[in-house]
Amino acid sequence: MIGRLNHVAIAVRDIAKAAAVYRDTLGADVSEKVAQPDHGVFTVFINLPNTKIELLEPMGEGSPIAKFLDKNPDGGIHHVCYEVDDIIAARDTLKKQGARVLGDGEPKIGAHGKPVMFLHPKDFCGTLVELEQA
Ligand code: CO
């Protein structure tokens, strides 16, 4: 069902500082900071030859990554994103197997303009999983 690793997301308190680490210290190709108001975050993408790193900074009080940063004040790996060919078929198959889809169960448009959904970390080895329509 799952295909390519689309990205690994890292939550941080200061996205400019984190982007500078990847750009200046690690010498990576770093995108501009983009607001994602539907998801309550700012994003920066680090483009690597085989995948991407998504830096996330909370936007506003009710940001879904605020609690994560309370528990992980230095930042940390927040989720992994796998590509699927058909996100609705993937969701239906996973739900039949008892997996929990977060939110209202409908895909939202993600940071790349494609439908995404999140799966409960307790069902996937303690890791929040994002699925993105390939
Ligand atoms: Co993501």
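Both counts, for ligands and for their atoms, begin at 1 and track the order of listing.
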*Could you list all the side chain to side chain donor-acceptor pair (under 3.5 Å) pairs where at least one residue sits in residues 54-69, not counting sequence neighbours?*
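As it turns out, the side chain to side chain donor-acceptor pair (under 3.5 Å) pairs with a partner in residues 54-69, which skip direct neighbours, are H7-E54, E54-H79.
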*Could you work out the complete set of other residues in the hydrophobic cluster of L102, with links drawn between I, L, V, M, F, W and Y side chains under 4.5 Å apart?*
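Members besides L102, by chain and number: F118, L128.
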Could you check whether any side-chain heavy atom of [X] comes within less than 4.5 Å of a side-chain heavy atom of [Y], counting everything from C-beta outward?
| X | Y | result |
| --- | --- | --- |
| P37 | M59 | yes |
| M1 | T93 | yes |
| V12 | D14 | no |

*asked:* Tell me how many protein N, O or S atoms are within a distance shorter than 2.8 Å of the Co ion (ligand 1).
replied: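 There are 4 of them.
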Just list the side-chain donor-acceptor pairs under 3.5 Å for residues 39-49, sequence neighbours left out, or say none.
{"from": "H39", "atom 1": "NE2", "to": "I109", "atom 2": "O", "distance (Å)": "2.8"}
{"from": "T43", "atom 1": "OG1", "to": "Q36", "atom 2": "NE2", "distance (Å)": "2.9"}

